[in-house]
Each structure stands twice: as structure tokens, then as C-alpha cells.
Chemist: 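Could you have a look at this structure, given as C-alpha cells, before my questions?
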Amino acid sequence: MSDLSRASALLARAGHVAVMTGAGVSAESGIPTFRGPGGLWRGRDPMTLATPEAFAADPGLVWEFYNWRRALVARAGPNPAHLALVELASRVPRLSVITQNVDRLHQRAGSRDVLELHGNLGEVRCTRCRAVDDRWGEPLPPLPRCDACGALVRPAVVWFGESLPRDVWLAAESAVCSADLVLVVGTSAVVYPAAGLIATGRRAGAAVIEVNLEPTPASGPADIGLYGKAGEILPRLVAGEST
Ligand code: BJW
Ligand code: ZN
């Protein structure tokens, strides 16, 4: 029996599937991943820009990076991997989508109640009064200001060293603990605490299927690894193909 057949059989039996996605699920929409080829922005490692320290040192540079990404995402659309997960929701009794992505492509594809572990690119948060404002779809100036108090705003995403939104985190933990299958798609599984959800789900008794271009640290806990493009593998998996 092929790995795809075994994975399809697990999916067909599952009562609650928790899907955990990373940048690889949006790669085929033309959104660059963080690590690996194509991850550089103007020769810089994006990880050096996704920190509170980088924003404090040069908010203009960090906003340039985020404004570029906001524009890229606005032009992009969901790909067959996002759409397959929407289809999967109609085929299993319960589906939870947990994403590390900030691009909102799962929601644009039609997934509901998506748990955004690292925030999203559309909202901004004031550095002074903390007001959160949805500025999705709107081009922002080089140094955007708060409508309420006039102070500088920042992207409402989670940078290194910052805590994940507590309510979202608790909901994600609860989802992987009650799932009988955790489907891990397109993440390098190196960023914590998000990556820890895979082992948490496994310890709670879920089977783990990984879909990625290559093995990752999640491959150890995974029962089945399906290696290739998510936009090709997920539609076949969801359709229950057996070869
Ligand atoms: C395809 C494909 C295709 C490509 N098909 N697949 C425990 C151990 C060690 C360190 C820590 C730890 N706990 C906490 C830490 C520190 C830190 C951390 O994890 N560091 C490690 C990197 C070493 N974590 C944090 O700081 C977190 N906060 C925290 O822990 O708070 C508590 C605390 C408070 C105070 C002090 C200390 C702790 C916060 C982490 C926030 C991460 N933020 C970012 C930026 C978000 C905003 C933005 O987008 O700009 O989130 S970093 C970046 O990485 C982004 C992503 O969501 C995240 C994960 O990346 P992802 O999605 O996995 O992408 P890639 O590029 O890495 O991988 C893509 C994958 O796709 C690859 O595997 C490809 O093969 C694959 N692929 N095409 C299928 N077509
Ligand atoms: Zn403000």
C-alpha cells in the first residue's frame, strides 16, 4: 500500500482533523517562504526583520518589507492546496485549520475559523495605545500612524521573542489534543511554540501526516511523509486517490 493510500485511509477514518500549515502552503501562490531558496528580500534574511529590535532600530526599513509583502499578498490568490483544505472540511466531521501564515489565503479560499498563530499582514497595532486597526487592502504610507492617537503603528504579527495571542494558542492546543489526525503542511517546523503542536498532538494520540517538499524535524513524529508540492499532493489526498 502506498503512503498516499495509507494517508487517505487515515483521513477517511478521522473524526477530527487538525491541519497545521506554514509558508510552503502559499509558495505556489507566489508568496516566498522564509527559509530556503527565494527567502531573501533585497539580499536580507527576512528573519532579521521579523523582530521588535529591527523595528525599533529602523521602522522605515521594516515597514518597507511589510508593505512589499502586503502588496504581494493582495495580488496573489489561493492555490489548489488552500482549496483542497476547504474541500476537506466538507468531507470530515470536524476540521481545524491552524496556520503560522499571515497572508489570509486560507480565509480567502473559504476556510472558516482559521487560527492565526502569528497574526496577519492586514492589521496594524499602535505602538502607544495598542489599538488594533484593520488596514487590509489599503496601501499604507512608509511610516503609518494610528488613527486614534497619531503614534507609529506596527504590523499586527508575532515577531521573535513575542508571545502568541493567548486565546488563539489555547484554541490550537485544544484542537491538536482532541484531533485524531494532525496534517502538517509546508512548514520547516523549526519555529516554536508552533512546531511543538505537532508533538503535542502526537502525545495526545493523533496520527501525524506531513506534506512537504522535503523531510523536516516534524518527520520524526510523523507516521506518514508525503513529499512533493502541497498544491499537487493535497488535492489527491483529499480526493482519496490511492496511488
Ligand atoms: C513546501 C512548498 C510547497 C516550500 N509544498 N511544502 C524553543 C526552542 C528553540 C527556540 C524557541 C523555543 N521557544 C521559543 C523559541 C524562540 C523562537 C524560535 O522558535 N526560534 C527558533 C527559530 C530557534 N520563538 C519565538 O520567539 C516565538 N515566541 C515565543 O516563543 O514567545 C515566548 C517568549 C517570549 C519572550 C522571550 C522568549 C520566548 C515567536 C515566533 C514568531 C515567529 N514569527 C515569524 C514572523 C511572523 C510575521 C511575518 O510573517 O513576518 O513567523 S518567523 C517566520 O517563521 C514566520 C513563520 O510563520 C514561521 C515559520 O516558518 P514556516 O511557515 O515554517 O516557513 P519556512 O520558510 O521556514 O518553511 C517553509 C517550508 O515549506 C519548508 O519546509 C519547505 O520545504 C516547504 N515548502 N514550498 C509543500 N510547494
Ligand atoms: Zn494609538
Side-chain angles (χ1 to χ4, degrees), residues 20-41 44-55 62-63 65-70 72-73 79-82 84 98-105 115-133 144-166 168-169 183-199 210-219 225-235 237:
M20 226 273 276
T21 67
V25 82
S26 295
E28 291 156 71
S29 293
I31 314 284
T33 59
F34 293 92
R35 298 165 185 83
L40 293 185
W41 176 70
R44 286 171 199 272
D45 177 350
M47 292 306 92
T48 62
L49 297 164
T51 68
E53 293 77 18
F55 188 68
V62 172
W63 260 118
F65 172 58
Y66 280 91
N67 275 334
W68 171 75
R69 286 175 61 202
R70 283 167 59 94
L72 191 67
V73 162
N79 69 53
H82 299 105
I98 305 166
T99 190
Q100 298 169 83
N101 298 346
V102 295
D103 56 31
R104 288 258 158 113
L105 288 178
L115 296 169
E116 293 178 321
L117 295 174
H118 294 158
N120 66 77
L121 283 175
E123 292 175 329
V124 299
R125 189 168 70 242
C126 180
T127 55
R128 186 194 291 150
C129 75
R130 312 261 156 218
V132 174
D133 196 11
R145 303 258 150 203
C146 174
D147 284 344
C149 78
L152 182 66
V153 293
R154 54 163 281 180
V157 298
V158 180
W159 284 327
F160 282 113
E162 296 182 328
S163 300
L164 277 58
R166 189 174 156 75
V168 177
W169 175 252
L183 178 60
V184 184
V185 186
T187 176
S188 57
V190 295
V191 173
Y192 281 80
L197 288 169
I198 303 161
E210 174 177 65
V211 176
N212 200 303
L213 293 182
E214 59 190 19
T216 72
S219 314
L226 302 173
Y227 298 109
K229 291 183 175 180
E232 293 171 6
I233 293 176
L234 286 184
L237 179 64

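In each ligand, atom 1 is the first atom listed, and ligand 1 is the first ligand listed. Worth knowing before you read on, the calculation uses all heavy atoms, side chains too, and leaves out hydrogens, waters and symmetry mates.
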Chemist: Check N212 against ligand 1 and report side chain, backbone, both or neither, counting heavy atoms closer than 4.0 Å.
Modeler: both

Chemist: Using a strict cut-off of 4.0 Å, indicate which atoms of ligand 1 neighbour a heavy atom of G22.
Modeler: 62 (O)

Chemist: Check whether any N or O atom of T187, backbone or side chain, sits under 3.5 Å from an N or O atom of ligand 1, and answer yes or no.
Modeler: yes

Chemist: Within a distance under 4.0 Å of any heavy atom of G228, pick out the atoms of ligand 1 and give their elements.
Modeler: 5 (N), 79 (C)

Chemist: What do you reckon, does K229 have a nitrogen or oxygen under 3.5 Å from a nitrogen or oxygen of ligand 1?
Modeler: no

Chemist: Just need the protein heavy atom nearest to atom 44 (C) of ligand 1, so name the residue and atom and give the distance.
Modeler: V158 O, 3.8 Å

Chemist: Considering only heavy atoms, does V190 approach ligand 1 within less than 4.0 Å through its side chain, its backbone, both, or neither?
Modeler: backbone

Chemist: Side chain or backbone, does S188 bring an N or O within less than 3.5 Å of an N or O on ligand 1?
Modeler: yes

Chemist: Looking at D103, is its backbone amide N or carbonyl O close enough to the side chain of N101 to form a donor-acceptor pair, meaning the two atoms are under 3.5 Å apart?
Modeler: no

Chemist: Do the non-hydrogen side-chain atoms of E210 and I198 ever get within less than 4.5 Å of each other?
Modeler: no

Chemist: Less than 4.5 Å apart, any side-chain heavy atom of L164 and any of P193?
Modeler: yes

Chemist: For ligand 1, note which part of V191 has a heavy atom under 4.0 Å away: side chain, backbone, both or neither.
Modeler: both

Chemist: Among all protein heavy atoms, pick the one closest to atom 59 (C) of ligand 1 and tell me residue, atom and distance.
Modeler: Q100 OE1, 3.3 Å

Chemist: Angle at the Zn ion (ligand 2): provide the value between SG of C129 and SG of C146, rounding to 10 degrees.
Modeler: 110°

Chemist: Polar contacts were defined as any N/O atom of the residue lying under 3.5 Å from an N/O atom of the ligand; does this apply to A23 and ligand 1?
Modeler: yes

Chemist: With a heavy-atom distance limit of 4.0 Å, tell me whether R69 approaches ligand 1 through its side chain, its backbone, both, or neither.
Modeler: side chain

Chemist: How long is the gap from CG on L234 to CD on E28, to the nearest 0.5 Å?
Modeler: 9.0 Å

Chemist: Spell out, as yes or no, whether a donor-acceptor pair under 3.5 Å connects the side chain of R145 to the backbone of G150.
Modeler: yes

Chemist: Quick one: pull up CG in L213 and CG in L226 and give me the separation to the nearest 0.5 Å.
Modeler: 12.5 Å

Chemist: Look only at interatomic distance and state if A230 has a nitrogen or oxygen under 3.5 Å from any nitrogen or oxygen of ligand 1.
Modeler: yes

Chemist: Does ligand 1 have any atom that is closer than 4.0 Å to a heavy atom of G196?
Modeler: no

Chemist: Spell out, as yes or no, whether a donor-acceptor pair under 3.5 Å connects the side chain of R70 to the backbone of G122.
Modeler: yes

Chemist: With atoms numbered from 1 as shown, which atoms in ligand 1 lie under 4.0 angstrom from a non-hydrogen atom of V157?
Modeler: 47 (C)

Chemist: Please tell me if the side chains of R35 and V191 come closer than 4.5 Å, counting only heavy atoms from C-beta onward.
Modeler: yes

Chemist: To the closest 0.5 Å, what do you measure between CG (L72) and OH (Y66)?
Modeler: 13.5 Å

Chemist: Ignoring hydrogens and angles, tell me if any N or O in the side chain of S29 forms a donor-acceptor pair with the backbone of I31 under 3.5 Å.
Modeler: no

Chemist: Less than 4.5 Å apart, side chain to side chain, heavy atoms only: is that true for H82 and V25?
Modeler: yes

Chemist: Pick one of side chain, backbone, both or neither for how R35 approaches ligand 1, counting any non-hydrogen atom pair under 4.0 Å.
Modeler: both

Chemist: Report the distance from atom CZ of F55 to atom CH2 of W159, rounding to the nearest 0.5 Å.
Modeler: 5.0 Å

Chemist: Contact between V153 and W63 at the side-chain level, heavy atoms closer than 4.5 Å - yes or no?
Modeler: yes

Chemist: Closer than 3.5 angstrom, by distance alone: can the side chain of R154 be matched with the main-chain N or O of V157 as a donor-acceptor pair?
Modeler: yes

Chemist: Does some non-hydrogen atom of the protein lie less than 4.0 angstrom from atom 10 (C) of ligand 1?
Modeler: no

Chemist: Calculate, to the nearest 0.5 Å, the distance between atoms OG1 and CD1 belonging to T187 and I98 respectively.
Modeler: 12.0 Å

Chemist: Just distances here: any N/O of F34 and N/O of ligand 1 closer than 3.5 Å?
Modeler: yes

Chemist: Within a distance of under 4.0 Å, is there any protein heavy atom near atom 55 (C) of ligand 1?
Modeler: yes

Chemist: For atom 20 (N) of ligand 1, which of Y227, Y66, F160, F65 has the closest heavy atom?
Modeler: F160

Chemist: Less than 4.0 Å from atom 79 (C) of ligand 1, is there any heavy atom belonging to the protein?
Modeler: yes

Chemist: Mind checking whether L183 and L237 have side chains closer than 4.5 Å, heavy atoms only?
Modeler: yes

Chemist: With atom 70 (C) of ligand 1 as the reference point, say which of A50, P217, S29, G186 has the nearest heavy atom.
Modeler: G186

Chemist: Could you tell me, atom by atom, which parts of ligand 1 come under 4.0 Å of a heavy atom of E28?
Modeler: 3 (C), 5 (N), 80 (N)

Chemist: Say you draw a straight line from CG of L115 to CE of M20; how long is it, rounded to the nearest 0.5 Å?
Modeler: 11.5 Å

Chemist: How far is atom 51 (O) of ligand 1 from its nearest protein heavy atom, and which residue and atom is that?
Modeler: H118 ND1, 3.1 Å

Chemist: Report the member of G119, A156, G24, G161 with the shortest heavy-atom distance to atom 35 (C) of ligand 1.
Modeler: G161

Chemist: For atom 27 (C) of ligand 1, what's the nearest protein heavy atom and its distance?
Modeler: Y192 O, 3.2 Å

Chemist: Within ligand 1, which atoms have a heavy atom of V102 less than 4.0 Å away?
Modeler: 49 (O)

Chemist: Test of understanding: given a 4.0 Å heavy-atom threshold, classify the contact between A27 and ligand 1 as side chain, backbone, both, or neither.
Modeler: side chain

Chemist: Considering heavy atoms of the protein only, find what lies nearest to atom 31 (O) of ligand 1 and give residue, atom and distance to 0.1 Å.
Modeler: E162 O, 3.0 Å

